[in-house]
Protein chains: 2
Amino acid sequence: MPELPRPQQNLLLAALPHESKKRLVDHLELVSLPLGKVMYESGETMRYVYFPTDSIISLLYVMESGASAEISVVGNEGVVGIALFMGGESTPSRAIVQSGGYAFRLLGQRLKDEFNRHGEMLVLMLRYTQALITQMSQTAVCNRHHSIDQQLCRWLLLSLDRLPDNQITMTQELIANMLGVRREGVTEAAGKLQKLGVIEYRRGHITVLDRPRLEQLSCECYAVVKKETDRLLSDHF
Amino acid sequence: MPELPRPQQNLLLAALPHESKKRLVDHLELVSLPLGKVMYESGETMRYVYFPTDSIISLLYVMESGASAEISVVGNEGVVGIALFMGGESTPSRAIVQSGGYAFRLLGQRLKDEFNRHGEMLVLMLRYTQALITQMSQTAVCNRHHSIDQQLCRWLLLSLDRLPDNQITMTQELIANMLGVRREGVTEAAGKLQKLGVIEYRRGHITVLDRPRLEQLSCECYAVVKKETDRLLSDHF
DNA sequence: CTCGTTATGTACGCCATCGAACAGAATGTG
DNA sequence: CACATTCTGTTCGATGGCGTACATAACGAG
């Protein structure tokens, strides 16, 4: 039987000094996040922040037309709900579960209290926020300049980094929503990767077989984000 | 003769309570920022933060190939150098002067000292950062889904909001760098706008004649960013 | 005023991606 | 096991933006 997740699996929670952790741990509530669940709707006031352990959350922007694009992705290295401590309380984007799993949630007010003690929590959250900003910037650039093929590679790698194995549960339709492209475009790109033996997939399941090759085929955006995230957070982790 | 800028012209500085302002004002140094000046190079450690009064600064990402794209834009409503107080000290993007003018610069350490007093400065900087995040997200979406025509409108509006009159000094070539498209694409889009009587231009100078029409022709991205920025910062301004 | 430089205009073929439409395959539900 | 549903594969024409090449026009330094 699978064990239940522990707070330590989230790297931000793990990085907290003992004192902070002690203050928070009793208020952390384990929640299950099924694939596709909408955690925040655009403009909504946030009540909780979420620290994923083994789930992945996409921050998605949905336009008036219904078209969408992923702005950034959050896994066990991060937290969903930065608007709470940044002061805005809400954001114009949607948070949706991209890979089912668990997260620990914390009442917004509790996080704010801890944040306002101006200790390690503040430093950590701000550094993480900067990493998130890097990801968003890179997404903007990537959307402008890179092909679907390259972007799919980037997206697979970002997902892979946040998953325990080399297996991604996701339909091509959903990936297309994330990338903001047509489903057919993803089918084609995925087909090429499969032909190259880099991935293997069947109806909603993708297995990455050759990760080094995937990194070669990806645009520089993945490496930039990875490197910068490591730089910003590795002191703490 | 034109008067020299005052710190109050930067909205963030203006919004500071008297006490904070008193601590900082003697350390603010007025600097002139000529068009095209590179204020930060990607990855460089930041020494100063800049509070523009009448200049505009673009945060630009330049790829390995040399292609570029604007991530966000900063005028008298903001500050250049958030990485300093976010904790990362540097970012992978370049800051370049998009419209010449003045700014007050402040030694990074002074800002950090003020920031670490955990007063109004912290709150203000974080809220501003959230506004910047909104702009970056929207840029990502816009790059994915909207036409050059629409994006040019958005870009003109964002610039206009940060300038004293309806006159923009900027070549089509530079606009193309910002938008991450070909110069010819901008020429064509600008030509259409001129034919419609919305703008008028000649060799590096653009005059906006019909701003309401420009807003109609723009994608929703401009309005989203504007509205969210107002929401996040109007309590303070 | 002239000339070199820089900015803008235009044209052509190319290609990635789009939109739409439909066929086939895998899945799980009753 | 059969069927409805959902996912994936493929095709077609349309098109927006690209790369390239070159022409014209405005400016400003001498």
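The figures here come from the full heavy-atom set of this structure, side chains too, leaving out hydrogens, waters and symmetry mates. The chains referred to below are lettered A, B, ... by the order of the sequence lines, with proteins before strands, and numbering in each begins at 1.
Going from atom CZ of A/Arg203 over to atom OG1 of A/Thr171 covers 10.0 Å, rounded to the nearest 0.5 Å. Expressed to the nearest 0.5 Å, how far CG of A/Asp149 lies from OG of A/Ser218 amounts to 11.0 Å. Between the CD atom of B/Gln98 and the OG atom of B/Ser55 there is a distance of 10.0 Å, given to the nearest 0.5 Å.
Following rounding to the nearest Å, B/His146 (NE2) and D/dG17 (P) show an atom-to-atom distance of 12 Å. Note: CZ (A/Arg144) to P (C/dT17) measures 13 Å, nearest angstrom. One atom, CD of B/Glu184, and another, P of C/dA7, lie 14 Å apart when rounded to the nearest Å. What separates CD of B/Gln172 from P of D/dA25 is a distance of 16 Å, to the nearest Å. Remark: C1' of D/dA26 and CD1 of B/Ile206 are 16 Å apart, rounded to the nearest angstrom. In this structure, CG of A/Asn177 is placed 12 Å from P of D/dT8, rounded to the nearest angstrom. In this structure, CD of A/Gln150 is placed 12 Å from C1' of C/dA16, rounded to the nearest angstrom. Between the CD1 atom of A/Ile175 and the P atom of C/dT17 there is a distance of 16 Å, rounded to whole Å.
A residue-by-residue look at A/Arg203 and A/Ala190 shows that A/Arg203 has its nearest nucleotide of DNA chain D further toward the 5' end. Across the interface with DNA chain C, nearest-nucleotide mapping of A/Glu188 and A/Arg183 shows A/Glu188 to be the residue nearer the 5′ end. Looking at which nucleotide of DNA chain C each of A/Gln151 and B/Glu173 is closest to, the 5′-most match is held by B/Glu173.
Residues B/Pro5 and B/Leu30 have side chains in contact (heavy-atom distance under 4.5 Å, counting atoms from C-beta outward).
Looking at the side chain of B/Thr187, the nearest of the listed nucleotides C/dT17, D/dT8, C/dT10 is C/dT10.
Residue-level contact check: A/Gly185 touches neither bases nor backbone, having no heavy atom under 4.0 Å from any strand. If you check every strand for non-hydrogen atoms under 4.0 Å, A/Arg202 touches sugar and phosphate atoms only.
Dashed line: the shortest gap from a side-chain N or O of A/Tyr201 to OP1 or OP2 of C/dA26 is not under 4.0 Å.
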**Message:** Assess the residue pair B/Arg213 and B/Gln216 against the criterion (side chain to side chain donor-acceptor pair (under 3.5 Å)); give the C-alpha distance rounded to whole Å, side-chain angles, the decisive distance to 0.1 Å, and a yes or no.
**Reply:** CA-CA 5 Å; B/Arg213 192 94 180 80; B/Gln216 280 170 22; 3.0 Å; yes
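You won't find any donor-acceptor pair under 3.5 Å spanning the side chain of B/Arg182 and the base of D/dG16, going by distance alone.
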